[in-house]
2 protein chains.
Amino acid sequence: MENKKHRILVVDDEQSILELLTYNLEKEGYEVKSASDGIKAVEVAKAFNPEVILLDIMMPNQDGVETCRQIKENKDLNNTFVIFLTARSEEYSEVAAFDVGADDYITKPIKPRALMSRINAYFRRELKGKKDQILSGDLLIDRSSYTVRLNGDEIILPKKEFELLHFLVKNPNEVFNRDELLKNIWGTDVYVLARTVDVHIRKIREKIGDSYITTVKGVGYKFSIE
Amino acid sequence: MENKKHRILVVDDEQSILELLTYNLEKEGYEVKSASDGIKAVEVAKAFNPEVILLDIMMPNQDGVETCRQIKENKDLNNTFVIFLTARSEEYSEVAAFDVGADDYITKPIKPRALMSRINAYFRRELKGKKDQILSGDLLIDRSSYTVRLNGDEIILPKKEFELLHFLVKNPNEVFNRDELLKNIWGTDVYVLARTVDVHIRKIREKIGDSYITTVKGVGYKFSIE
DNA sequence: TACTTAACTTAACAATTAGTTAATGATTAG
DNA sequence: CTAATCATTAACTAATTGTTAAGTTAAGTA
């Protein structure tokens, strides 16, 4: 599977913190880049286009607040989720941070596990409501739009046909008899002839071709994938 | 103006904290409801449908962690942004909180101004991306003027029609059933027949043509874009 | 405020489509 | 070869959606 890694940029002038964060984030499966001051951070951000920036507030050259402001003003970057890191002792206020567009604010010392939970929570939220798709060979089954894409062509299936295909695709290479299919797609409380399945299979094949759903004689149907 | 207030639910067993939070949030312009334990919180949440819940962790009857879990499991509530409140001394861990779906985590003592900044930041983020204009194919949807431009022709839609179209365009290719549309556009507290949606769809199609909104039989409607 | 218009909702009926059944023809396995 | 099983078609029924019109409510204006 080609699940693209999420991109995170960490910015801090202390090398040890950069290393700590980078190590933990990469272990968690993120793609990480780092910068050691605010000016470099903006440069890297433009090229790397991170989804999250962990931004130290107090830095030489250009502090985090100013850096954040620049990021939030940049058309390409202003959707980035910015998390400020700050030592409790520093006088920068949380209020000021949020005023320049910060999205979160964490005080040092950094507790790696807690930080990871926070970041994972962010991505969980981001991904929710997103695609509910199954790609199988050249078939793309999209539950949210009730469509099947076959070589780019979009085919809208009626509900039952879609549910049936979706069910089979979800369980590839597994054979189901008609009663099992009825039970799973029609539900247990409906009385429908088993032959009805045949007709729906027929309709589906008519639309996507015969090569996907295989008949297993004496048993039932399955979605075949090599 | 009819800028609907954002809804926030605060949950804490200490009356004084409820009052502090309610006071500050209302001053900031939010619509606030409160609950004094986890069980009541879930009840209130179902009726009030808040956008943000401030949730104390340690409470009698049912603690915040369990409450959060229930909220995140509820289909209608799981988009709510949950912020945990916890005393630094309590042994509940930040990690555990995020594991049950928390979206943010703040330690007491509560600094009202900082908390407000945080919540404002959340809504700022939410509202962003709800841009005033959406261009989709040859349709330009302009929220500020409630107009739709189609090949240069300007069409003014009445509110409900506009909101409906806007919602669909904002979530292209995603099918919504009538109840979901009612909930999102009419709100949870209005009782309107589901078929009302059909009539509005009809009116929209009359004005912009039939080719944009697709009916998915047995399911609902979607805005189609290749 | 009363008048006027537009928006919104409901209800009724028409049109369409999905879903099911049943009948017939084709295929396969033993 | 022949039962059994599946494919296919067509006809039928049930469910869903489209459309219109009329009744209500809300908004705007003199």
Side-chain angles (χ1 to χ4, degrees), chain A residues 146-148 155-168 175-224, chain B residues 1-4 145-148 154-168 175-224:
Chain A
Y146 270 83
T147 55
V148 177
I155 305 165
I156 301 182
L157 299 183
K159 198 167 161 188
K160 282 280 190 318
E161 288 171 35
F162 183 88
E163 302 285 6
L164 179 52
L165 177 59
H166 186 258
F167 180 78
L168 291 171
V175 184
F176 297 93
N177 67 39
R178 291 171 178 74
D179 285 338
E180 288 170 325
L181 293 171
L182 285 176
K183 212 172 137 186
N184 277 287
I185 292 137
W186 275 255
T188 48
D189 50 324
V190 269
Y191 169 68
V192 177
L193 293 188
R195 291 265 137 220
T196 300
V197 174
D198 298 38
V199 179
H200 281 88
I201 293 284
R202 164 86 221 310
K203 297 247 183 77
I204 296 172
R205 283 176 171 159
E206 209 166 58
K207 287 166 186 165
I208 68 170
D210 294 348
S211 56
Y212 298 97
I213 298 173
T214 307
T215 305
V216 181
K217 251 204 129 150
V219 191
Y221 299 98
K222 69 169 177 174
F223 185 82
S224 293
Chain B
M1 64 134 231
E2 28 138 25
N3 223 332
K4 262 196 292 182
S145 63
Y146 276 53
T147 56
V148 177
E154 185 174 272
I155 305 166
I156 302 181
L157 297 182
K159 192 166 152 193
K160 283 282 185 323
E161 288 170 37
F162 183 89
E163 301 284 6
L164 180 51
L165 176 60
H166 184 258
F167 180 80
L168 290 171
V175 182
F176 297 93
N177 66 38
R178 292 170 177 73
D179 286 337
E180 289 170 325
L181 294 171
L182 285 176
K183 205 175 134 193
N184 278 289
I185 293 139
W186 275 256
T188 48
D189 50 325
V190 267
Y191 168 68
V192 176
L193 294 188
R195 294 303 306 275
T196 301
V197 174
D198 298 38
V199 179
H200 282 88
I201 293 283
R202 164 86 220 310
K203 297 255 181 68
I204 296 171
R205 284 176 171 158
E206 206 167 61
K207 288 165 187 166
I208 68 170
D210 293 349
S211 57
Y212 297 98
I213 298 173
T214 307
T215 304
V216 180
K217 258 207 126 153
V219 190
Y221 298 99
K222 67 171 176 173
F223 185 83
S224 292

Residues that A:Lys159 engages under side-chain hydrogen bond (donor to acceptor under 3.5 Å, both in side chains), provided they are two or more places apart: none

Within less than 4.0 Å of OP1 or OP2 of D:dG18, is there a side-chain N or O belonging to B:Arg202? no

Mind checking B:Tyr221 for me? I need base, sugar-phosphate or nothing, with any heavy atom below 4.0 Å counting as a touch. sugar-phosphate

Spatial distance of atom OH (A:Tyr221) from atom NE2 (A:His200) [nearest 0.5 Å]: 12.0 Å

Hey, which of B:Leu168, B:Leu182, B:Leu164 is the one that makes side-chain contact (heavy atoms from CB on, under 4.5 Å) with B:Phe176? B:Leu168

Overall bend of the helix from C:dT1-D:dA30 to C:dG30-D:dC1 (five pairs an end, 10° steps) is 40°

Hey, could you give me the CZ/CG distance between B:Arg202 and B:Asp210, rounded to the nearest 0.5 Å? 8.5 Å

Figure out the CD1/P separation between B:Ile213 and D:dG18, and round it to whole Å. 10 Å

List for me each residue that meets side-chain hydrogen bond (donor to acceptor under 3.5 Å, both in side chains) alongside B:Thr214, sequence neighbours excluded, and say none if there are none. B:Ser224

What's the spacing between B:Lys207 NZ and B:Glu161 CD if we round to 0.5 Å? 3.5 Å

For A:Tyr212, check ring-ring contact (aromatic ring centres under 6.0 Å, His included) against everything at least two apart and list the hits. none

Looking at residues at least two apart in the chain, or sitting in another chain, which of them share a ring-ring contact (aromatic ring centres under 6.0 Å, His included) with A:Phe162? A:Tyr146, A:His166

DNA chain D nearest-nucleotide lookup for B:Asp198 and A:Arg205: closer to the 5′ end is A:Arg205

Within the 4.0 Å limit for protein heavy atoms, which parts of nucleotides 18-30 of chain C are touched? Write it as a string from 5' to 3', B for base, S for sugar-phosphate only, - for none. SSBBS----BB--

Write down the distance between OH (B:Tyr146) and C1' (C:dA6), rounded to a whole number of angstrom. 16 Å

Nucleotide D:dT5, atom P - distance to CG of A:Asp179 in whole Å: 13 Å

Between D:dT19, D:dC6, D:dT17, which nucleotide has the shortest distance from any of its atoms to the side chain of B:Thr215? D:dT17

Give, for atom CD1 of A:Ile185 and atom CZ of A:Phe167, the distance between the pair rounded to the nearest 0.5 Å. 5.5 Å

Taking the nucleotide of DNA chain D with the closest heavy atom to each, which residue, A:Gly220 or A:Glu206, is nearer the 5' end? A:Gly220

